[in-house]
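Read through the structure below, which is laid out as structure tokens, and then see the notes.
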Amino acid sequence: MNRSCTMEKLLYVNLSKKQVTEITINHRLEEEFVGGKGFGAKILYDLLPPGCDPLSPQNVLMFMTGPLTGTLAPAMRGCVVTKSPLTGTFADSYFGGHFAQEIRYCGFDGIIITGKAAESSYLWISDGTASIHPAQEIWGLDTFAAVEKIRELVGDQSVKTACIGPAGENMVSHALINCEYNRHAGRGGTGAVMGAKNLKAIALRGTKTLAPADQNGFMTIVDQAYKELAESEEVQSFNSDGTAGSIDFANLEQLLPTYNYYDGTYNEATRLNGEAQRRTFWLRNTACAACPIACGKVGSIRRGRHKGLISDVVEYETAAMLGSNLGISDIREVAYLVKKCDALGLDGMSAGGVAGFAIEAFQKGLLNSGDTEGHPLEFGNVSAVDYLLEKIAFRSGIGNLLAKGVKEAAKELNRGAEDFAVHVKGLESPAWGPRSVPGMGLALATADRGGCHQRALPVLYEIGGEWKGEMVERHGLKYKGEIVVHQQNYLAALDTLVKCDFGQYGIKAETYCHLMETALGRPWDVEKLMKLGDKIWNQIRLFNLREGFSREDDTLPKRFTEEPLPEGPYQGELITKTNLDQMLDDYYAVRGWDDFGKPTEDKLKELGLEAMPTLVQIPTGNQ
Ligand code: SF4
């Protein structure tokens, strides 16, 4: 039993050489980058040659855990880190369930996978012993069937699995990795990287245990964290409605994507919200390992053409992206489309963005029925979206274009398609239209993996919040840079633990620090946490700069900068280029970056990132 909550080892898998090796974690890596996102940021920078093709054998696919993953600390998860085939940036994508915990019970703090298997394969890890096996019997199966089959192959129904569906096999740039029923590493095309490596699945079974350095002290803080979760209104709303409860808020505030982000309000939003879902199919709550929040809801559709379909909660992002964004208001149809994405292994958020883009392209005459085998692409037409998802996952016909994501598809279509391609750095935008909340626009423009709401969600300050004792002006620019930097740093630090986003609405920063202190047996405080986040953010910036990104890429789609909201309480609002530029200047200044978005030498020195050596050593003969 380990007494400091770290396994001190990473598993290194070279699929080309069919070799597995253990790497002892460098003490400095553990001290300075802690785990999860931090490990991923540093190791990706160290191992990847600049300009590495994300779908080449050289790219690495990492499954990382944090020091609290697998303990009784509530709401902890795992993350996949790689270079994204969708954006070309650093990508980290988080998943719940039990897979991350099992990595640690197998004796590892993370798995690094490189190379490409000569044939379709799966990786089997049983208590520290890893082996690579042919996966012909699993290749081609959807994610649900693949999980069943791999359990049968390893002869254990309780193994924890990660797998890809047809979309990953076909290297669709927005393919996901399924890490349990309705738990995915969804964003950034991690599934395509796994498919490019000919790796269909990973199965794990572990029995090792973790013990915090100060067991009694740790359990006292765990109790405190549970108390804070129970006392938080936001967290309790996740328990009662999942994230679908955000539909009403986003609709009221005109943030809800509607008709490929044409508007921010949807007349039929109440048909997609938590109440509608409860009425239509929820039966009971479900939860990831050691999570009292239990934001998942599993149920069965009670009426209509999908009667009997087992479905989980349609969480906010997919309810919006595959619902209001496509003009689909029947939550049962949205649940069907979400489940289809899950089975095919498509990120439902990107799929909704891509489908919205395709429908608008069809409306504008850039696509025609010859391209879609006679299927009319229209908003509100479920069968059209159904058709598109299938085509995308198998890269067939029009699906081959759309499998590249909105950014690349728009480039190829040309003829003005880039005007309505809603993405940042290639990542299809999340369901938070920012035109009336400029800070949210800045958060999307500067997010490390492309337009993302999980790196900072300043709307929570912009709509009735305070900063430095002052009410934050929703439409003003004051403090927006500071708020975004603060949130990005804080969340980057917490993503080393690796926390679930929803837990942080209840658990205080000090409590996370006390959890770390008692688990690891060394001092932690909020200042140290914030510095850690700053360091990781800058480490990732160095990676993205090395890959050719610059200030020009810290921008927003034209839909948000040139097309005002067409109606409603915030009619006429948009984020002008001038305002975005001003916010970027402020943001770079707070970050200690120059006008081009590059960390200054002083900043790198302050963070100890100047001339930082490689902190991961691959055993000779297995590079
Ligand atoms: S809040 Fe939801 S997603 Fe997060 S760990 Fe708990 S059950 Fe999983």
Side-chain angles (χ1 to χ4, degrees), residues 26-48 50-51 81 89-90 92 425 439 442-450 452 455-456 458 467-468 477-496 509 513 522-555 579-616:
N26 179 308
H27 181 65
R28 189 167 169 196
L29 179 70
E30 204 233 318
E31 275 283 321
E32 297 204 32
F33 292 91
V34 180
K37 180 168 184 148
F39 274 15
K42 179 62 179 147
I43 295 174
L44 197 74
Y45 189 86
D46 286 351
L47 292 187
L48 250 58
V81 178
T89 62
F90 165 91
D92 53 340
K425 299 185 181 76
L442 179 66
L444 297 181
T446 57
D448 51 2
R449 67 175 184 181
C452 174
R455 302 295 171 264
W467 182 255
K468 295 183 169 169
L477 308 185
K478 191 177 174 190
Y479 295 140
K480 301 296 166 84
E482 273 183 42
I483 292 170
V484 171
V485 170
H486 171 81
Q487 286 195 311
Q488 288 174 342
N489 287 351
Y490 182 54
L491 296 179
L494 293 189
D495 282 339
T496 64
C513 291
R522 54 179 198 258
W524 272 89
D525 57 34
V526 176
E527 193 188 338
K528 180 172 171 175
L529 199 69
M530 296 305 290
K531 274 193 180 151
L532 171 68
D534 198 9
K535 176 181 230 159
I536 293 167
W537 199 266
N538 277 274
Q539 177 65 62
I540 294 167
R541 186 70 177 183
L542 293 178
F543 178 87
N544 286 343
L545 290 169
R546 196 175 73 177
E547 295 304 315
F549 290 86
S550 66
R551 179 175 181 133
E552 274 176 34
D553 302 290
D554 292 340
T555 189
N579 283 352
L580 180 59
D581 259 343
Q582 188 181 325
M583 286 192 292
L584 265 185
D585 286 344
D586 294 347
Y587 171 91
Y588 287 172
V590 178
R591 278 240 164 263
W593 294 356
D594 66 18
D595 291 346
F596 305 100
K598 201 171 157 215
T600 58
E601 274 182 32
D602 285 350
K603 183 69 192 179
L604 293 179
K605 266 191 199 140
E606 174 201 320
L607 297 170
L609 285 175
E610 92 289 10
M612 163 99 60
T614 295
L615 295 182
V616 60

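FYI, side chains are in, hydrogens and waters are out, and symmetry mates aren't considered; it's all heavy atoms of this structure.
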>> Test salt bridge (charged side-chain N to carboxylate O under 4.0 Å, His left out) on Glu31 and Arg522; report intermediate values, then the result.
In response: CA-CA 10 Å; Glu31 275 283 321; Arg522 54 179 198 258; 3.6 Å; yes
> So Asp553 and Lys425, salt bridge (charged side-chain N to carboxylate O under 4.0 Å, His left out) or not? Walk me through it.
Replying inline: CA-CA 6 Å; Asp553 302 290; Lys425 299 185 181 76; over 6 Å; no
> Step by step, would you call Lys598 with Leu545 a side-chain contact (heavy atoms from CB on, under 4.5 Å)?
Replying inline: CA-CA 8 Å; Lys598 201 171 157 215; Leu545 290 169; 3.7 Å; yes
> Under the salt bridge (charged side-chain N to carboxylate O under 4.0 Å, His left out) criterion, do Asp92 and Arg455 qualify, and how do the steps go?
Replying inline: CA-CA 11 Å; Asp92 53 340; Arg455 302 295 171 264; 2.7 Å; yes
>> One pair to check against side-chain contact (heavy atoms from CB on, under 4.5 Å): Phe90 and Glu547. What are the steps and the verdict?
In response: CA-CA 9 Å; Phe90 165 91; Glu547 295 304 315; over 6 Å; no
>> Show, in sequence, the C-alpha distance, side-chain angles and deciding distance for Asp594 and Lys603, and conclude whether the salt bridge (charged side-chain N to carboxylate O under 4.0 Å, His left out) test is met.
In response: CA-CA 10 Å; Asp594 66 18; Lys603 183 69 192 179; over 6 Å; no
>> Using the rule given for side chain to side chain donor-acceptor pair (under 3.5 Å), can you reason through Asn544 versus Arg449, listing the C-alpha separation, both sets of side-chain angles and the distance that settles it, and then say yes or no?
In response: CA-CA 9 Å; Asn544 286 343; Arg449 67 175 184 181; over 6 Å; no
>> Let's go through Val34 and Trp524 carefully: what are the C-alpha distance in whole Å and the side-chain angles of both, what is the deciding distance for side-chain contact (heavy atoms from CB on, under 4.5 Å) to 0.1 Å, and is it a yes or a no?
In response: CA-CA 12 Å; Val34 180; Trp524 272 89; 3.8 Å; yes
>> Does Thr446 form a side chain to side chain donor-acceptor pair (under 3.5 Å) with Gln488? I'd like the steps, not just the answer.
In response: CA-CA 9 Å; Thr446 57; Gln488 288 174 342; 3.0 Å; yes
>> Please evaluate residues Arg551 and Asp581 with respect to the criterion side-chain contact (heavy atoms from CB on, under 4.5 Å), reporting the C-alpha separation (whole Å), side-chain torsions for both, the decisive distance (0.1 Å), and the verdict.
In response: CA-CA 10 Å; Arg551 179 175 181 133; Asp581 259 343; 3.2 Å; yes
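Remark: Lys480 NZ to Leu580 CG distance equals 12.5 Å, nearest 0.5 Å. Taken to the nearest 0.5 Å, the CZ atom of Arg28 stands 8.0 Å off from the CG atom of Asn26. Taken to the nearest 0.5 Å, the OH atom of Tyr490 stands 15.5 Å off from the CH2 atom of Trp537. Atom-to-atom distance recorded for Asp525:CG and Lys528:NZ is 7.5 Å, nearest 0.5 angstrom. The NZ atom of Lys468 lies 9.0 Å from the NZ atom of Lys478; values are rounded to the nearest 0.5 Å. Atom NZ in Lys535 sits 12.0 Å away from atom OG1 in Thr496 (nearest 0.5 Å).
The residue from Leu29, Asp46, Leu47 that alone fulfils the side chain to side chain contact (heavy atoms under 4.5 Å, CB included) condition with Thr614 is Asp46.
Using a 4.5 Å cut-off on side-chain heavy atoms (C-beta onward), Leu442 and Pro458 make no contact. Contact of the Ile540 side chain with the Thr89 side chain is not registered, since no non-hydrogen atoms from C-beta on lie closer than 4.5 Å. Within the 4.5 Å cutoff, no side-chain heavy atoms of Leu609 are placed close to those of Lys42. Residues Leu48 and Arg546 form a side-chain contact, since some pair of their non-hydrogen atoms from C-beta on lies under 4.5 Å apart. Met612 places a side-chain heavy atom less than 4.5 Å from the side chain of Glu32.
Considering every non-hydrogen atom in both Ala456 and Val484, the closest pair reads CB-O, 4.2 Å. Smallest separation of non-hydrogen atoms from Leu529 and Cys513: CD2-SG, 4.1 Å. When every heavy atom of Ala492 is checked against every heavy atom of Gly533, the shortest pair comes out as CB-O, 3.9 Å. The shortest heavy-atom contact between Ile536 and Gly38 is CD1-CA, 3.7 Å.
Taking a 6.0 Å sphere around CD of Glu601, one finds it holds 12 or fewer heavy atoms contributed by other residues, nucleotides or ligands.
For the pair Asn538 (side chain) and Asp534 (backbone), a donor-acceptor distance under 3.5 Å is present.
Salt bridge status for Arg591 with Asp586: absent, with no side-chain N to carboxylate O gap under 4.0 Å.
Using a 3.5 Å distance cut-off with no hydrogens or angles, the side chains of Asp554 and Tyr588 do pair a donor with an acceptor.
The aromatic rings of Tyr587 and Trp593 stand perpendicular to each other, their planes meeting at an angle above 60°, with 30° marking the opposite boundary.
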